Amino acid sequence: MYIDMHTHIFPDALARRAIENLERIADEGSGREGSLKACTDGTYNGLIDSMKRCGIDASLILPVMTKPSQFDTVNRYAAEINGKNGIYSFGGMHPDCENVEEKLDFIKSLGLKGIKLHPDYQRCAVDDERYLKIVRHCLKLGLYVTFHAGYDIGYPEPMYCRPDVFRSAYMSLLQEFEEEKHPHIILAHLGGVTTAEKTMKYLCGLPIYLDLAFTFGVMREEDIAEIIRLHGAQKILFASDSPWSDQGRSRVGLEALPISAEEKELISHKNAEKILGVVHSVCEAAR
Ligand SMILES: [Zn+2]
């Protein structure tokens with residue numbers, strides 16, 4: 001049973017252009033041609049095909065809003081696809097949106113379980129007051145928040161979400177909302193694919209989830225395993241970052257890690273089921 005907690009899709013009419021654009025931004029950012037290649041065509045059906053091919057039972061879509069004006073379209077679409085065909089979606093939010101608290105209440109009312117924030121694409125540092133206000137209200141509502149964290153191939157400098165900066169900015173909020181009982185913040189990419197030591201030093205042990213998106217084949221396997229050991233498998237989420245990394249490759253990467261079968265169970269789906277509020281054993285039995 002595999003639930004992929006970090007995937008992206010684009011509307012059918014825009015998918016091709018969006019993929020080409022993001023590949024070009026990555027090439028420019030990294031100074032390397034062909035630095036990032038999509039593994040699907042970026043559409044909803046492309047993701048469904050990938051799940052079938054790779055044996056992934058469910059996928060969570062994380063919409064990245066690059067403009068405040070996208071709020072309604074993004075969140076209505078998220079609500080429309082959420083919970084059908086093994087697809088779940090978080091909502092989208094932008095730090096420049098007005099009335100963020102009202103908007104988060106609306107996302108909650110749509111039945112979405114969380115939101116995605118992307119400090120690099122939204123040009124907003126993780127410790128910015130605007131993000132802190134959004135996260136505070138999410139924690140109040142019990143909404144989850146996934147932050148992109150660390151290096152992004154499209155925007156290598158500056159890094160808008162660094163492990164040490166996250167820690168000092170969010171520590172008091174984590175304590176205030178007693179997050180050690182039930183974490184609601186998810187940092188993607190194990191806190192940053194190029195900064196494993198900083199994750200070990202500043203993030204491991206905090207009451208937050210870390211996802212595995214875009215880590216397999218990018219980070220050293222021993223660093224991935226060490227972060228899991230230090231942080232605890234009950235706070236690690238299986239994730240690919242599809243289409244930017246292949247779901248099958250990520251699955252094989254997790255299977256190959258030198259950790260216990262119980263830890264793999266937690267990471268591959270049990271932690272995700274808690275977040276999404278679903279139990280997938282029914283689908284498994286129906287196979
Ligand atoms: Zn991503």
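Only heavy atoms go into these numbers, but all of them, side chains included; no hydrogens, no water, no symmetry mates. Since we're looking at a predicted model, the values are computed, not measured. Both ligands and their constituent atoms are indexed starting at 1 by order of listing.
- At a threshold of 2.8 Å, the Zn ion (ligand 1) has no backbone or side-chain N, O or S atom of H189 nearer than that distance.
- Between the NE2 atom of H6 and the NE2 atom of H8, the angle centred on the Zn ion (ligand 1) amounts to 100° when rounded to 10°.
- Ion pairing between K270 and E273 fails under the 4.0 Å rule for side-chain N and carboxylate O.
- With respect to R136, the salt bridge (charged side-chain N to carboxylate O under 4.0 Å, His left out) criterion is satisfied by exactly one of E101, E176, E129: E176.
- Both tests hold for K103 against F71: distance to the six-membered ring centre under 6.0 Å, angle to the ring axis within 45°.
- Using a cut-off of 4.0 Å between Lys/Arg side-chain N and Asp/Glu carboxylate O, R123 and D96 are scored as not salt-bridged.
- Distance check for H118 against the Zn ion (ligand 1): none of its N/O/S atoms falls below 2.8 Å.
- The closest approach of D241 to the Zn ion (ligand 1), by N/O/S atoms, is made by OD1.
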